[in-house]
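I'd like to ask you about the structure that follows.
In what follows, chains carry the letters A, B, and so on, assigned in the order in which the sequence lines appear, proteins first and then strands, with residues in each chain numbered from 1.
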Amino acid sequence: MVRVDNRLIFEMSSRGRTGYTMPKLDVPALSDDDAVPRKFRREKPPELPEVSEPEVVRHFTNISVLNHHVDRDFYPLGSCTMKYNPKVNDRAAALPGMSDIHPLAPEEVSQGALALLFDLKTMLAEITGLPAVTLQPAAGAQGELTAMLMCRRYHIDRGQPERDKVIIPDSAHGTNPATVRIAGMKVIEIKSNAAGLVDLEALKAALGPETAAMMLTNPNTLGIFERDVEIITALVHEAGGLVYMDGANMNALAGQIRPGDMGFDMMHLNLHKTFSQPHGGGGPGAGPVCVRADLAPYLPAPEVVRDADGRFRLDYDRPKSIGRLHGHHGNYGALVRTTAYLWLLGREGVERMSRMAVINANYLMTKLAPIFELPYAGPCMHECVLSGRKFKSNGVRTMDIAKRILDFGMYAPTVYFPLIVEEALMIEPTESETKDTLDRFVEIMRTIAREALENPEIVKNAPHTTPVRRPDEGKAAREAKLRWRPAAG
Amino acid sequence: MVRVDNRLIFEMSSRGRTGYTMPKLDVPALSDDDAVPRKFRREKPPELPEVSEPEVVRHFTNISVLNHHVDRDFYPLGSCTMKYNPKVNDRAAALPGMSDIHPLAPEEVSQGALALLFDLKTMLAEITGLPAVTLQPAAGAQGELTAMLMCRRYHIDRGQPERDKVIIPDSAHGTNPATVRIAGMKVIEIKSNAAGLVDLEALKAALGPETAAMMLTNPNTLGIFERDVEIITALVHEAGGLVYMDGANMNALAGQIRPGDMGFDMMHLNLHKTFSQPHGGGGPGAGPVCVRADLAPYLPAPEVVRDADGRFRLDYDRPKSIGRLHGHHGNYGALVRTTAYLWLLGREGVERMSRMAVINANYLMTKLAPIFELPYAGPCMHECVLSGRKFKSNGVRTMDIAKRILDFGMYAPTVYFPLIVEEALMIEPTESETKDTLDRFVEIMRTIAREALENPEIVKNAPHTTPVRRPDEGKAAREAKLRWRPAAG
Amino acid sequence: MLEAIGVRRFEDLLLSLPEKLRLKGHLDIHPGRSEWEVVRDISALGNQNAGAGRYTCFLGGGIYDHHIPSVIDHVTMRSEFYTAYTPYQAEVSQGTLIAIYEFQTMISELTGLPVANASLYDGASAAGEAALLAASVTGRSKTIIAGRFHPHYRDTLKTYVEMSGHQVVVDPAPDHVADLDWLKANLDDSTAAVFVQHPNFFGQLEAMDEIRELTQAKGGLFVAVVDPSTLGILAPPGAYGADIAVGECQPLGIPMAYGGPVAGFFAANQKYLRQMPGRLVGETVDRDGKRCWTLTLQTREQHIRREKATSNICTNQTLLAHRATVYMSLLGPAGIRELGEQCHARASHAARTIAAIPGYSIPLSGAHVKEFVVQCPVPAADVVRCGLEHQILAGLDLGRFDSAWKDLLLVAVTEKRSAADILKLSEVLAAAAASSVGSGGPRG
Amino acid sequence: MLEAIGVRRFEDLLLSLPEKLRLKGHLDIHPGRSEWEVVRDISALGNQNAGAGRYTCFLGGGIYDHHIPSVIDHVTMRSEFYTAYTPYQAEVSQGTLIAIYEFQTMISELTGLPVANASLYDGASAAGEAALLAASVTGRSKTIIAGRFHPHYRDTLKTYVEMSGHQVVVDPAPDHVADLDWLKANLDDSTAAVFVQHPNFFGQLEAMDEIRELTQAKGGLFVAVVDPSTLGILAPPGAYGADIAVGECQPLGIPMAYGGPVAGFFAANQKYLRQMPGRLVGETVDRDGKRCWTLTLQTREQHIRREKATSNICTNQTLLAHRATVYMSLLGPAGIRELGEQCHARASHAARTIAAIPGYSIPLSGAHVKEFVVQCPVPAADVVRCGLEHQILAGLDLGRFDSAWKDLLLVAVTEKRSAADILKLSEVLAAAAASSVGSGGPRG
Ligand SMILES: Cc1ncc(COP(=O)(O)O)c(C=O)c1O
Ligand SMILES: Cc1ncc(COP(=O)(O)O)c(C=O)c1O
């Protein structure tokens, strides 16, 4: 049913066609006095497409079906927590008084929004065990930046500006080191040990008087819980550093154990992973940061607070704050979705969520380990990392396997990450999937493994049935055609 | 991208799974006094599927993409007016105070709904030239029934109960004769003349003292305007009958000419054709009936009226009314959509709508006539009827051509209707299509015509690329499997 | 384009229209508005209505304020469903066909009858169609309505059959349930069908077994009019031997929308299959042997059979049937049962609470599975009016239908009505009684 | 499933978690609610907010109450777009990739700069990223903010760069536009970039040509912060030589939503391509030679380059960028121009109307293309409060940012604000002045 109508919207354009309506101008037309002075005026109109409303609808509808998406089938992308997002979340975010409110409206007519934010902060504080929360960061990476800036400010405040080294395991997500540099600090990378965990000796060696912090993903990106977490946090604390948890994998822990209780001082959450903000093809997300009480003064401004009379207020008077990271209050719409999600789930629901996520991941690990290879022993938490290296001798790479999965109508796992696993396949089923779906996935993987041995060409040339097949990425980068231009002539 | 996951929702069922939430029961549980007596109780639960919310979403999302639809591409179904429906219509119908109102709410808190209905009646009266309007009929066929019942009541009221014959041209839609019978009257079918129009002699012959009415579709189902309409209406009036216009083709006329001015006494409109209620895969629609002022007393009850003080009210006191045809006020949601549509278009928009519909149809007729055959000369109005008979000698039937179109991603025209055209292809482009789309359609038709001559097998075996290919309709009717049952055993 | 067509002006295409009749000026309707103005103006009208978002709704009488799971809008408002036409070209309509087939199956399960169609306009017109069917298969001319039947359904049924010479007789039902003696006296060999609503218009359960027996003994068809939201707890029509069951799908995930669009369902005994009105989807296989679905038994329908069709219906309420299908899929057997139980428990609690308010009583005994009648100490219209002041739609003033009922209020309680809502209602009722006393207003 | 895994209890999977740290009881959050309760409770909160459906909104300051065509919600809320992940597997992500490519093209057209990225978090953080880029390509450490700049953008920019040792100096702009003398005095060889908002925070047009000349003469980058809804009438940054243009897409079809999610855009001169932050989609061909799209130049990004990445951004605001893309598609060149003209005409009318109210004046001359400052005879906070009584968000009390501005009100006028709305605003302003006089309340 899907034709790849390869036309861009610009290529459907026809002079004079429009898809909008404007109210009748019921005020006087502009007088010369009011006109924009000539030098400020636009001369050449932008070459936007000229199309009708039906054409716009058809174009976007037709390109949309070229996408895989969670509402279609399994999306086992490790580290991405592609869970199903209950539709009530979107309904909540679109309600009157939620989607149509101005961020600078007086607080007296924003009490609903402020109450919601306050309630969400309270829930996230409880879930993480870290009592002070900012909801401003727009995504995980901005949450990391928030925390690293706070960390820097904290040390400076304590008269230790020399503390500017941040220790990061080699299995960490790329945003961690990138963030550290932007926050004006330096990265010390440490190798993981044979079990895929933090190597305590390496950690000790890295710690020192310049240690600002350690960033630790737990469960780590292999899906393994850092069993020495208490020792790790204690070591860093002893050295005078803070311990930051990259909370991208919180779907494994929520309701089971709390980062605050493990000794973490700060962390971010990815609401678009753990707490059901849909990914939107790459965003929006939200990356709240939760911290120890004594770090609260450094949180971004403004902060939602509740006064003694029960009224809510934005507190701008935060002299130690690192400042703002967003023009307004962050991705409020995402925060509404998470609030709806947490209200829907409640405490038992949150516990069930992580429990099922862990069970599903272990189920897949158990079923897939014999077919592929499990470089680090389980049990895993919410995701498992396999290696596809045994097919290399047949010329089949993990990327080929990933592409072949697409032919079966599912998405591919995250591949080649974490970097420390050769030919990595990182698989995260989430709690939303039924056993039936997991079994279908296992069956597909088994089929592909067989093909890789018996008929490797079919895998190496995959995908075969998708709208397009292996775009030439080299050409894309070389030519850097980043916008459409009309054909010459 | 589309896999035909052939599973029905029942086949995804797994004991104990659910996709709903209920509020906590915050009232006392049922006492024995209140319990349903045993004999009234359900013993065996209905075998509804047991599935989770994500499974429901995926199932309906995945089956949905097996459909063709207007938001995908051209839908040239003659007589169906598959125009694009502006999205604001749906937004209007879903607004608070529109979708969430109870039909039995007191009038004092339903003034908005009543005002809307009154405004819509006023607009439809103006467009049709027939001043009295009921919005209750849920679709065209129910509109026809409303009118035929009114017609019957009218004659009885005037002491002419013997008037129970209704004259219908052979090109009429099937609902016309079916309606007449249900209304307790008899059908007199008359043949069309060589030009595809009402044969005046046949009409005269059919008229008589038992004539209750004539039902006339104008433009008729060949897309041709009945040029003798004034003579026709005069003849029927002379014979003491009423003239009903089947307004399914009003998209050709709105804003150009008014049925009331042509001598029609009553008519229905299909809001789901002319006035942009989306078809919903077969419904809902709405079939308002507009009549001459003196027929107003027979309209269904209740009627929306405006009192002298400007307040709106439902008038139930209608002694001559034919009564009710609907549990409440008809398809209100559709009526809101049409109101939004007409407000959006305004008078110029309505005129542009019919103008473009007629131009588009004539453009297609001109381009397609040389490829197929035009049994009745144009110009046409909003649609044109071609014949595919010249391909019969190659064994290619119109149905084959229709199926072959599907391979190109467009829908097929209406085929084998009207019955008076051999191998009919009834094509209605509507005003929403751009010339570009029409040209693509012509190109497809040209390709198929070529194939029919050069490579008829490809047409006869079409479609080739659709999710399924020519369902066995005989088997369906013979076996009459009208519901799913679990596989035995 | 005019050039391609070969005319100079648009008007040249309209030469067959009588020139003197062509509109000269503009239509007398407003100039077009922008999308924003349309939204603004319709919102303004919406604000004049008692939307269930603002008013707590205890109104029922056939249309109920149930919760609508968010999934339903999301899925059924996909362009693929809502902008598709009737699935004539089955090859590119399997989505609609599968959804209808599932609907037919679910309605069959819910009613306990083997065949169900793809939907009719609404519950009331479905009753009308059932009356036509009964008249046609029995060749008889009398239709009996027994028990306390919804007056709108009664009126619609009459509209559907009376003009073709059929007679409709209506049980006075002095006790607000079927009067079996009256029924026996009126049942005869000319009786095509007996219609009973269950629970009836007043929320009462009717003696379905007895009525079925009496009816079928005389060779008439027994037609049950039922609320599908009660069928998780109440015996299905198939279980008590109904020949036909019709009703309204609105409680199953369809917005109230001032009463429409909703969707009627029609389920029947196998033997009436070929007389059924409306579309039917059947399973078959395609050329490659693949299971698939298609419209079937179309020889019953007007576009094939014309005046001999079983009904004149063409466009139906497919999209609303889809909504009900998604709803039933979400609920499953456990949910449909819990839905019934919740309404039942809440209605019982409401009835008990109201019975305790001085002056008010619950005149009819029997289980209140969702809706019940309240005897008020003042005209029910006054109670309703008092409710509006507190943003409560307190119920349906039955005096609208019969002046003898002017002190009766019909109260519906869905799963959405919390204990707090019920408390609020009882306060309104108390206030209405008090204010009427205070103001010396008219009593009983 | 536990059996298949080979454990007896779920807890056996958590053996690596320190037992004593595991949560023993429940989390201290509420039990779950039903979907209906969630909708009800969030609706109740919504009713405590000044939704633009109930309040007439003259608030701006970066977020505007423009009309959002219905098509946008319909199309972008298709599961295909909003439940998809970042388009890593290009084969099954062409929908997202095409839409982003179109976004990049449209932003490039609107800004007159050759390359634009796939979106950043918002306008303010986009300014922060631009400052980082400028510092990195110039190797310089001073960032200058000239003219009357949005205080939130200023603060965000500072947060982004100050911690890595960069200095931000801010023009006092006593005349509420850039002070060119101050600028000359502060521009030097250590200046990485000069940022100017145009129209500026007070709605004024800035001397872009002059500032560009001064800046580039010193080898700094000239960064324009612009409102895309004005770019149908105002010269694009490319035309006045900006090196980088950043801004906020919210006016282009994105709900206000208390300020987020919105989407920042980032467009630049070709030469900064390899330093750009954020994702980029490029055209290429697939194995069969078919044109297609893919994420490209990813070596700039954190997941490849790690600490050497040009930015740490990963998740961005794609869905909001889609909204802007659909919006710009609907409007086209004519619409984007008419949008600008309508806001301009309405803002001018509003300014003229307000200037005629005794006590009020429009202190700044110059074209008001969408937003302008009003000098009030009473504290702007009082005017705002008075507006609330009439369900009007009268504007932004600038006293929130600087006590010297406490009598200044910033008023934004979009195409949605009718003559009647403007009249209502002027009445509120008049009433605020009067009531303050009457009550003997505090003056200026
Ligand atoms: C482990 C980990 N850390 C951090 C991030 C960055 O989060 P975001 O994309 O929300 O900026 C991700 C997201 O992919 C992640 O998986
Ligand atoms: C000419 C004509 N008349 C009547 C009808 C019946 O209208 P409806 O389907 O709305 O009942 C149709 C619809 O297909 C039609 O095309």
Select one option (side chain, backbone, both, neither) describing which atoms of B/P96 are under 4.5 Å from chain C's heavy atoms.
->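 For B/P96, the contact with chain C is made by the backbone alone.
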
Is there a donor-acceptor contact under 3.5 Å from the side chain of C/R33 to the main chain of C/V39?
->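 No; judged by distance alone, with no hydrogens or angles, the pair does not exist.
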
Between C/G128, C/G165, C/A239, C/S108, which shows the greatest number of heavy-atom pairs under 4.5 Å with chain B?
->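 Greatest number of close heavy-atom pairs with chain B: C/S108.
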
Does any heavy atom of chain B fall under 4.5 Å from the side chain of C/R305, the backbone, both, or neither of them?
->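 For C/R305, no heavy atom lies under 4.5 Å from chain B.
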
Between C/Q104, C/E338, C/R287, which shows the greatest number of heavy-atom pairs under 4.5 Å with chain B?
->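 Going by pairs under 4.5 Å, I would pick C/R287.
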
May I ask you to decide whether B/E126 forms a salt bridge with B/R347, counting only side-chain N to carboxylate O separations under 4.0 Å?
->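 No, this pair does not count.
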
Pick one of side chain, backbone, both or neither for B/R470, based on which atoms fall under 4.5 Å of a heavy atom in chain C.
->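 Contact with chain C is through both the backbone and side chain of B/R470.
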
C/V369, part contacting chain B, at a heavy-atom distance under 4.5 Å =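 Side chain only.
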
Tell me, for B/A402 versus chain C, whether the close heavy atoms (under 4.5 Å) come from the side chain, the backbone, both or neither.
->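 Interface part for B/A402: side chain.
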
Does a side chain donor of either B/H59 or C/E102 reach within less than 3.5 Å of an acceptor in the other side chain?
->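 Yes, side-chain donor-acceptor contact under 3.5 Å.
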
For the pair C/S119 (side chain) and C/Q317 (backbone), establish whether a donor and an acceptor sit closer than 3.5 Å, ignoring hydrogens and angles.
->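 Between the backbone of C/Q317 and the side chain of C/S119 there is a qualifying donor-acceptor contact (under 3.5 Å).
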
For B/Y20, check ring-ring contact (aromatic ring centres under 6.0 Å, His included) against everything at least two apart and list the hits.
->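 For B/Y20, no residue satisfies ring-ring contact (aromatic ring centres under 6.0 Å, His included) once neighbours in sequence are set aside.
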
Checking B/L77 against chain C: side chain, backbone, both or neither under 4.5 Å from a heavy atom?
->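 For B/L77, side-chain heavy atoms alone lie under 4.5 Å from chain C.
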
Let me know if B/Q111 has heavy atoms under 4.5 Å from chain C in its side chain, its backbone, both or neither.
->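 Both backbone and side chain.
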
Heavy-atom proximity to chain B below 4.5 Å, by part of C/N316 =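 Its backbone and side chain both get close to chain B.
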
Of the backbone (N, CA, C, O) and the side chain (C-beta and beyond), which part of C/T294 lies under 4.5 Å from a heavy atom of chain B, both, or neither?
->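 Only the side chain of C/T294 comes within 4.5 Å of chain B.
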
Please flag which part of B/E43 lies under 4.5 Å from any non-hydrogen atom of chain C: side chain, backbone, both or neither.
->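 No part of it gets close to chain C.
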
Taking the side chain as every heavy atom from C-beta outward, state whether C/V7 and B/P379 have any atom pair closer than 4.5 Å.
->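 Result no, sub-4.5 Å side-chain heavy-atom pair not found.
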
Hey, which of C/Q94, C/R291, C/M328, C/E283 has the most heavy atom pairs under 4.5 Å with chain B?
->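 Highest number of heavy-atom pairs under 4.5 Å: C/R291.
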
Which atoms of B/T366 approach chain C - backbone, side chain, both or neither, heavy atom under 4.5 Å |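 Interface part for B/T366: side chain.
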
Considering only heavy atoms and a distance below 4.5 Å, find which of B/R41, B/R17, B/K39 pairs most often with chain C.
->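 Heavy-atom pair counts peak at B/R41.
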
Is it the backbone or the side chain of C/L59 that comes under 4.5 Å from a heavy atom of chain B, or both, or neither?
->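 Answer is both: backbone and side chain atoms of C/L59 are under 4.5 Å from chain B.
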
Which answer fits B/L95, side chain, backbone, both or neither, if we ask what part of it has an atom under 4.5 Å from a heavy atom of chain C?
->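 The answer is the side chain of B/L95.
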
Which atoms of C/R385 come close to chain B, meaning under 4.5 Å heavy atom to heavy atom: side chain ones, backbone ones, both, or neither?
->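 Contact with chain B: side chain only.
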
Checking heavy atoms, do the side chain of C/L396, its backbone, both or neither come under 4.5 Å from chain B?
->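 Contact with chain B: side chain only.
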
Looking only at heavy atoms, which two atoms of C/T296 and B/A476 are closest? And how far apart?
->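 Heavy-atom minimum between the residues: OG1-C, 3.4 Å.
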
Is it the backbone or the side chain of B/N270 that comes under 4.5 Å from a heavy atom of chain C, or both, or neither?
->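 Contact with chain C: none, neither part.
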
C/H349 versus chain B, heavy atoms under 4.5 Å apart: side chain, backbone, both or neither?
->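 For C/H349, side-chain heavy atoms alone lie under 4.5 Å from chain B.
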
Can you say whether the rings of B/H328 and B/H102 are parallel (under 30°), tilted (30 to 60°) or perpendicular (over 60°)?
->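 Perpendicular: the ring planes of B/H328 and B/H102 meet at over 60°.
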
What part of C/L234 gets closer than 4.5 Å to chain B, counting heavy atoms only: side chain, backbone, both or neither?
->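 The answer is both parts of C/L234.
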
Looking at B/E351 and B/R355, does any basic side-chain N land under 4.0 Å from a carboxylate oxygen?
->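 No.
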
List in chain and number order the residues that pass side-chain hydrogen bond (donor to acceptor under 3.5 Å, both in side chains) with B/E348, two or more places apart in sequence or in another chain; answer none if no residue qualifies.
->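 Residues passing side-chain hydrogen bond (donor to acceptor under 3.5 Å, both in side chains) with B/E348: none at all.
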
For chain B, which of C/I233, C/I422, C/L320 has the most heavy-atom pairs under 4.5 Å?
->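 Looking at each of C/I233, C/I422, C/L320 in turn, C/I233 comes out on top.
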
Proximal component of B/V180, with respect to chain C [non-hydrogen, under 4.5 Å] |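 Contact with chain C involves no heavy atom of B/V180 at all.
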
May I ask you to check whether C/E91 and B/T466 show a side-chain donor-acceptor distance below 3.5 Å?
->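 No pair is found: no donor N or O on one side chain lies under 3.5 Å from an acceptor on the other.
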
Flag the pair B/P103 / C/H152 as yes when at least one side-chain heavy-atom distance between them is below 4.5 Å, and no otherwise.
->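 Of all side-chain heavy-atom pairs linking C/H152 with B/P103, none is under 4.5 Å.
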
Keeping the roles fixed (side chain from C/Q342, backbone from B/P23), state whether a donor-acceptor pair exists under 3.5 Å.
->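 Yes, C/Q342 side chain to B/P23 backbone: donor-acceptor pair under 3.5 Å.
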
Indicate whether any N or O donor in one side chain lies under 3.5 Å from an N or O acceptor in the other, for C/Y82 and B/N85.
->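 Side chains of C/Y82 and B/N85: no pair found under 3.5 Å.
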
In terms of heavy-atom proximity below 4.5 Å to chain C, should B/Y75 be classed as side chain, backbone, both, or neither?
->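 B/Y75 touches chain C through side-chain heavy atoms alone.
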
How about B/R72 and B/N67: does a side-chain donor come under 3.5 Å of a side-chain acceptor?
->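 No, no side-chain donor-acceptor pair sits under 3.5 Å.
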
B/Y411 (side chain) donor-acceptor with C/Q89 (main chain) under 3.5 angstrom |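 It does hold such a pair.
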
Non-hydrogen atoms of chain B under 4.5 Å away: do they reach the side chain of C/P31, the backbone, both or neither?
->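 Contact with chain B: backbone and side chain both.
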
Among B/T61, B/V27, B/V187, which has the most heavy-atom pairs under 4.5 Å with chain C?
->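 Answer, by heavy-atom pair count under 4.5 Å with chain C: B/V27.
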
Flag the pair C/Y160 / C/S125 as yes when at least one side-chain heavy-atom distance between them is below 4.5 Å, and no otherwise.
->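 Side chain of C/Y160 against side chain of C/S125, heavy atoms only: contact under 4.5 Å found.
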
Structural part of B/A92 lying under 4.5 Å from a heavy atom of chain C |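 For B/A92, the contact with chain C is made by backbone and side chain together.
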
Taking every non-hydrogen atom, the tightest pair across B/A115 and C/L45 |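 Closest heavy-atom pair between B/A115 and C/L45: CB-CD2, 4.0 Å.
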
So which part of B/I127 gets closer than 4.5 Å to some heavy atom of chain C, the side chain, the backbone, both or neither?
->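 Contact with chain C: backbone and side chain both.
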
Which answer fits B/M82, side chain, backbone, both or neither, if we ask what part of it has an atom under 4.5 Å from a heavy atom of chain C?
->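 B/M82 touches chain C through side-chain heavy atoms alone.
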
At a heavy-atom separation under 4.5 Å, does C/V75 approach chain B through its side chain, its backbone, both, or neither?
->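 Contact with chain B is through the side chain of C/V75 alone.
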
Of all heavy-atom pairs between C/M106 and B/F10, which one has the smallest distance, and what is that distance?
->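 Nearest heavy atoms, C/M106 then B/F10: CG-CZ, 3.7 Å.
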
Count the heavy-atom pairs under 4.5 Å between each of B/E479, B/M365, B/E144, B/E108 and chain C, then report the option with the highest count.
->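 The residue among B/E479, B/M365, B/E144, B/E108 with the greatest pair count is B/E108.
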
Examine whether an atom of C/R78 lies under 4.5 Å from a heavy atom of chain B, and if so say whether it belongs to the side chain, the backbone or both; otherwise answer neither.
->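 It is the side chain, since no backbone atom gets that close.
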
